[in-house]
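Side-chain atoms are counted along with the backbone in the values below, which use heavy atoms only and exclude waters and symmetry mates. In what follows, chains are A, B, ... by sequence order, proteins preceding strands, each numbered from 1.
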Number of protein chains: 2
Amino acid sequence: MIAEVCCAPLVAGTMSQDEAAELSRVFKALADPVRLRLLNLIAAHPGGEACVCDLTGPFDLSAPTISHHLKVLREAGLIEGERRGTWVYYRTIPQALTRLSDLFTPALVPAP
Amino acid sequence: MIAEVCCAPLVAGTMSQDEAAELSRVFKALADPVRLRLLNLIAAHPGGEACVCDLTGPFDLSAPTISHHLKVLREAGLIEGERRGTWVYYRTIPQALTRLSDLFTPALVPAP
DNA sequence: CTACTGCTTAGAAAGATGTCAAATTAGAAA
DNA sequence: TTTCTAATTTGACATCTTTCTAAGCAGTAG
């Protein structure tokens, strides 16, 4: 009757300090407009991945700043990068996004 | 065949700068361990609401700090407060949490 | 090897944030 | 009215974050 989720949902149960600390790191990565738009561009990019060279254009920011933001997303576990020659391609990590979705799901969800 | 959602999901579509700015404000509110735990305590509290006096105990922080954090959550639209005499009770705003959940939902979701 | 492009890292400056003590406000009781 | 408790606001301080320039690393071509 009650769905099983991998983590304690945000809205039910008791969140430990460790869980809160880890979660806040992910939210901190999302707490910037540039990083939100970067994540959106990567996730919505044809083929499911985007080259850094595709990501610098839409922003009026320097390349190092974009690189820094990508690093924050990467270290938060939201994206991963792959180097192909001189190019670097980034894609989202679906499990990380699913986990965030589950956090806000009402606790009383019928089991599949 | 495609679900209708009120906002552009994070993982599909194109997020405008305005949307990103507004969203980042909500995530910024969640980007602190204390505020995550406060939100969790409020949401999971019996009766769906918690008095500030219930919220100061679990933290080794001063009352002004708790008050400040509650203000951040309130201004992010995640909680609302109600004064009853000298006491103030807070509850979550479900639509705000639902909206966040929808952000991470895969775009290809069957319509209800 | 050098020269080139693409990308990341390092460090500094400016701005934002978490925390506290002090002050203030809000509401109730005497 | 004064006094009290609960809660919020204010201002200062330490710490963190965003952005840039400069430097450095990664990979490729000649």
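- The NE2-P distance, from A:His68 to D:dC25, rounds to 20 Å in whole Å.
- Checking the phosphate oxygens (OP1, OP2) of D:dT19, no side-chain nitrogen or oxygen of A:Ser62 falls inside 4.0 Å.
- The side chain of B:Cys53 approaches D:dA7 more closely than any other nucleotide in the set D:dT8, C:dT8, D:dA7.
- Going from atom CG of A:Leu73 over to atom P of C:dT8 covers 12 Å, rounded to whole Å.
- With no hydrogens or angles considered, no side-chain donor-acceptor pair links A:Arg83 and A:Tyr89 at under 3.5 Å.
- Atom CD of B:Glu75 is separated from atom C1' of C:dT17 by 14 Å (rounded to the nearest Å).
- Atoms CD1 (B:Ile66) and C1' (C:dA21) sit 16 Å apart, rounded to a whole Å.
- The distance between atom CG of A:Leu70 and atom P of C:dT8, rounded to the nearest whole Å, is 6 Å.
- Both A:Arg83 and A:Val72 lie close to DNA chain D; mapped to their nearest nucleotides by heavy-atom distance, the more 5′-ward contact belongs to A:Val72.
- In a base pair of the Watson-Crick type (N1 to N3 plus N6-O4 or O6-N4) or a G-U wobble (N1-O2 and O6-N3), with each distance short of 3.5 Å, D:dA14 is matched with C:dT17.
- Atoms CG and CG, from B:Leu97 and B:Leu39 in turn, are 6.0 Å apart once rounded to the nearest 0.5 Å.
- When the C1' atom of C:dC7 is taken as reference, atom CD of A:Glu82 falls 15 Å away, rounded to whole Å.
- For the pair A:Lys71 NZ and C:dC7 P, the computed distance is 17 Å after rounding to whole Å.
- Residue whose closest nucleotide on DNA chain D sits further toward the 5' end, between A:Thr86 and A:Leu61: A:Leu61.
- Remark: the B:Ser101 side chain and the B:Thr98 side chain contain no N/O donor-acceptor pair separated by less than 3.5 Å.
- Using a cutoff of 4.0 Å between basic side-chain nitrogens and carboxylate oxygens, B:Arg25 and B:Glu19 are not scored as salt-bridged.
- Using a 4.0 Å heavy-atom distance criterion, B:Tyr90 is classed as a sugar-phosphate-only contact.
- When distances are taken from the side chain of A:His69 to each of C:dT19, D:dA7, D:dT18, the shortest belongs to D:dT18.
- For A:Trp87 and C:dT5, the CH2 to C1' distance is 7 Å, given to the nearest whole Å.
- When each of A:Asp54 and B:Thr65 is assigned the nucleotide of DNA chain C with its nearest heavy atom, A:Asp54 is the one assigned upstream, toward the 5' end.
- B:Glu22 has a carboxylate O that lies under 4.0 Å from a charged side-chain N of B:Arg99, or vice versa, which qualifies the two as a salt bridge.
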